[in-house]
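Notes follow once the structure below has been shown.
Proteins get letters first, then strands, A, B, ... in listed order; numbering begins at 1 in each.
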Protein chains: 4
Amino acid sequence: MVISLKLDSDTPLYEQLRNQIVIGIATGKLLPQEKLPTVRQLAEDLGINTMTVNKAYALLKQEGYIVIDRRHGAKVNWQPADLTDSTEHTAKLEQKLELIIAEAVIHGIDNEHFHKLCEQTYEKMNDYH
Amino acid sequence: MVISLKLDSDTPLYEQLRNQIVIGIATGKLLPQEKLPTVRQLAEDLGINTMTVNKAYALLKQEGYIVIDRRHGAKVNWQPADLTDSTEHTAKLEQKLELIIAEAVIHGIDNEHFHKLCEQTYEKMNDYH
Amino acid sequence: MVISLKLDSDTPLYEQLRNQIVIGIATGKLLPQEKLPTVRQLAEDLGINTMTVNKAYALLKQEGYIVIDRRHGAKVNWQPADLTDSTEHTAKLEQKLELIIAEAVIHGIDNEHFHKLCEQTYEKMNDYH
Amino acid sequence: MVISLKLDSDTPLYEQLRNQIVIGIATGKLLPQEKLPTVRQLAEDLGINTMTVNKAYALLKQEGYIVIDRRHGAKVNWQPADLTDSTEHTAKLEQKLELIIAEAVIHGIDNEHFHKLCEQTYEKMNDYH
DNA sequence: GTGGTCTAGACCACA
DNA sequence: GTGGTCTAGACCACA
């Protein structure tokens with residue numbers, strides 16, 4: 001899986017890394033139980049500090065996306081049961097949607113157009129059900 | 001229109017302010033051509049620094065959501081023609097959707113469920129067409 | 001409030017710091033809404049790195065014990081309503097008690113004796129109800 | 001006696017193992033003088049390294065919970081007289097209680113509620129007196 | 001070999 | 001002035 005970071009982005013490196021791994025999991029580029037690179041390895045590959053990778057991994061662990069095992073490093077968790085549709089997640093999602101859709105509406109994107117964009121994205125995702 | 005800021009949020013104050021104004025415009029709480037409070041006034045009302053409000057207004061202006069006229073202060077711009085479906089906006093939107101939908105998929109929210117959430121939000125928006 | 005860290009402890013510095021602040025809040029040495037020292041200041045006072053203090057503060061924030069406001073730094077949160085008796089906390093507490101009480105039983109400390117020790121500790125805590 | 005380790009826990013494996021054995025002794029799942037599995041056997045059963053089991057056993061021995069005899073392997077020690085209420089243990093216990101109770105108080109658990117939780121746990125323990 | 005912690009020092013966004 | 005992020009480099013516990 002290819003990860004590319006933008007050094008000049010507003011989004012911190014550790015968050016970009018976290019985001020790309022989340023997308024990697026959802027699109028099936030990273031499979032459940034798949035081993036992630038070690039902190040050291042990934043830091044070297046990306047040309048960034050181990051602490052930065054560490055922070056991304058710690059965040060992903062805290063969010064339940066990965067599992068960290070002292071023996072074998074980090075693995076993709078995604079056992080749907082763990083995370084399925086928590087009300088907390090849905091609440092956050094609704095808030096993000098409100099803003100995104102507000103921006104879209106102002107730019108003339110109507111419900112149908114928006115729905116089409118969503119469907120395109122959904123098609124890139126794996127179907128784990 | 002009521003604006004409430006979370007002082008302890010991860011989102012900077014100026015960005016929260018910008019977001020709420022964008023949502024205000026999209027939902028019709030702020031009408032096209034409507035005059036916004038002066039920087040000084042809004043800063044006082046919200047108990048924050050004028051610099052912060054200034055930054056939010058500058059951002060909104062740069063994005064085309066408002067226009068600033070030295071004589072009359074800030075006004076809501078939204079003339080659909082100005083902003084309609086720029087490729088730049090669509091590209092950003094698709095990127096945001098990719099992340100949001102990745103997270104949603106992992107949390108077990110399928111296309112239909114997601115679509116329903118979007119429609120609910122769209123119903124809260126004004127129809128300017 | 002006096003904070004003393006043991007450099008040779010098994011407990012990481014950031015966790016020791018977190019623990020002492022939690023105890024400070026519970027015992028009333030730190031009052032609700034009270035401002036904590038800045039990251040820099042506390043790091044200097046304790047002779048440790050700012051990152052370490054940062055980590056402790058981030059943890060306390062995540063757990064809801066403090067609130068971080070970009071304008072004025074960190075403040076004690078403790079509004080009982082926020083944290084009151086979450087089932088999650090109770091479950092963790094029961095697990096910790098199981099181990100502690102197992103050790104106590106083996107060392108000949110019976111229910112009554114244990115209860116007395118708890119009461120002594122409770123008396124040092126503030127009563128916020 | 002069933003031992004289950006969480007590979008992705010923050011608590012090191014050897015410490016989890018030590019804790020479960022201590023709880024096993026206190027609850028009577030392991031009886032005084034009872035023989036523990038060999039290091040090799042337990043490591044195999046749990047699917048972990050013999051070094052890890054070794055470390056747990058060494059710790060339990062050092063703490064006086066078990067005795068290790070080259071001929072007969074490891075046995076549960078617990079002869080109450082050996083460990084009864086050492087001041088060292090009491091001091092450590094008080095420190096642990098201080099933190100746990102601080103957290104409990106902040107989460108709205110009062111003395112009575114806490115006492116009830118303790119009693120429930122005590123009921124699961126064996127009475128060796 | 002693995003992640004976790006810590007330091008000294010730096011720069012940046014926010015307010 | 002505030003916290004947030006990042007680096008280079010180091011050491012440690014765990015396995």
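When only modelled atom types and interatomic distance are considered, D:Asp45 and D:Gln41 share a side-chain donor-acceptor pair under 3.5 Å.
Note: CG (B:Leu59) to P (E:dA13) measures 14 Å, nearest angstrom. Regarding D:Leu5, its CG atom lies at a distance of 14 Å from the C1' atom of F:dC14, rounded to whole Å. Between the CD atom of C:Glu44 and the P atom of F:dT2 there is a distance of 12 Å, given to the nearest Å. Counting to the nearest Å, the C1' atom of E:dA13 and the CG atom of A:Asp10 are 9 Å from each other. Note: NZ (A:Lys75) to C1' (E:dG3) measures 15 Å, nearest angstrom. Between the CZ atom of D:Arg18 and the C1' atom of F:dC14 there is a distance of 17 Å, rounded to whole Å. Distance C:Met51 CE to E:dT5 C1': 10 Å, rounded to the nearest Å. Rounded to an integer number of Å, the gap from A:Ile68 CD1 to F:dA13 C1' is 16 Å.
Put simply, NZ on A:Lys61 and CG on A:Asn77 are 11.5 Å apart, with the number rounded to the nearest 0.5 Å.
The phosphate of F:dG3 has neither OP1 nor OP2 within less than 4.0 Å of any side-chain N or O from C:Asn54. Distances shorter than 4.0 Å separate none of the side-chain N or O atoms of A:Asn49 from OP1 or OP2 on F:dC6. OP1 or OP2 of F:dT7 has at least one side-chain nitrogen or oxygen of A:Thr52 nearer than 4.0 Å. OP1 or OP2 of F:dC14 sits under 4.0 Å from a side-chain N or O of D:Tyr14.
Taking the charged nitrogens against the carboxylate oxygens, C:Lys35 and C:Asp69 have no contact shorter than 4.0 Å, which rules out a salt bridge. Using a 4.0 Å cut-off between charged side-chain N and carboxylate O, C:Lys92 and D:Glu103 make no salt bridge.
Where C:Arg40 and A:Lys61 meet DNA chain E, the nucleotide closest to each residue was compared, and A:Lys61 sits on the side nearer the 5' end. Ranked by how close their nearest DNA chain E nucleotide is to the 5' end, B:Pro12 and C:Leu7 are led by C:Leu7. Comparing C:Leu36 and D:Lys55 against DNA chain F, the residue whose closest nucleotide sits nearer the 5' end is C:Leu36.
Nucleotide E:dC14 has F:dG1 as its partner under the Watson-Crick or G-U criteria, with both atom distances under 3.5 Å.
Within 4.0 Å (heavy atoms only), C:Leu13 reaches sugar-phosphate atoms of the nucleic acid but no base atom.
With hydrogens and angles disregarded, a donor-acceptor distance shorter than 3.5 Å links the side chain of D:Gln16 to the backbone of D:Thr11.
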